[in-house]
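Quick caveat: nothing in here was measured; it's all calculated off a predicted structure.
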Amino acid sequence: TVTIVNCRENMSEKEKMANPSSCGLMSLNCNKAGMVGLDKDKINQVIEAASKGSKFYAKKQEDQARIDSQVADMRQAVASLSHSQVDRARKEADRVVETLWSERDLSRTIVHVDM
């Protein structure tokens with residue numbers, strides 16, 4: 001079984017920020033059992049070629065363009081903030097995180113097994 005995922009899932013945050021559209025819209029997820037040794041680049045080329053022109057692929061392109069636009073807008077908004085505004089927001093986020101951590105319910109254990 002071949003699982004197709006957004007290839008940005010396997011990118012570091014730094015790579016995502018550097019180039020929002022740096023890879024194709026879909027990519028093979030080869031981090032699953034039995035996928036060792038596959039020619040990932042060749043499989044991704046086949047997936048890309050087979051997907052182009054489909055309604056699904058067009059929708060993925062539209063979605064990615066919208067996301068890239070939102071990221072650019074957010075980066076522009078962050079760039080316009082002053083140092084004190086960023087510090088204030090960071091302190092508020094830290095307070096929210098602390099509140100969430102203190103309210104966690106760790107009395108239950110949930111196990112999920114995927115084969």
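Ile47 and Leu38 fall within a single hydrophobic cluster, where Ile, Leu, Val, Met, Phe, Trp and Tyr side chains are chained together by heavy-atom contacts under 4.5 Å. A single hydrophobic cluster is seen to contain both Phe56 and Ile43, as judged by linkage of ILVMFWY side chains at heavy-atom distances under 4.5 Å, directly or through other members.
Using a 4.5 Å heavy-atom threshold, the side chains of Asn44 and Val46 count as separate. Between Asp94 and Glu98, every side-chain heavy-atom pair lies at or beyond the 4.5 Å cut-off.
Atom CG of Leu81 is separated from atom CD of Gln76 by 11.5 Å, given to the nearest 0.5 angstrom. The CE atom of Met74 lies 10.0 Å from the CD1 atom of Ile67; values are rounded to the nearest 0.5 Å.
Counting non-hydrogen atoms of neighbouring residues, nucleotides and ligands closer than 6.0 angstrom, the CZ atom of Arg66 exceeds 12 such neighbours.
Looking at Lys59 and Glu62, no side-chain N of the basic residue comes within less than 4.0 Å of a carboxylate O on the acidic one, giving no salt bridge.
At least one donor-acceptor pair under 3.5 Å links the side chain of Gln85 to the backbone N or O of Ser82. A donor-acceptor contact shorter than 3.5 Å is absent between the side chain of Ser51 and the backbone of Glu48. Between the side chain of Ser69 and the main chain of Ala65, no donor-acceptor pair closer than 3.5 Å is present.
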| request: Decide yes or no on salt bridge (Lys or Arg N to Asp or Glu O under 4.0 Å) for Lys91 and Asp87, but give the supporting numbers first. | output: CA-CA 6 Å; Lys91 287 176 184 173; Asp87 284 343; 6.0 Å; no
| request: Start with the C-alpha gap between Asp68 and Gln64, add the side-chain angles, then the distance that decides, and say whether side-chain hydrogen bond (donor to acceptor under 3.5 Å, both in side chains) holds. | output: CA-CA 6 Å; Asp68 291 346; Gln64 191 61 51; 2.9 Å; yes
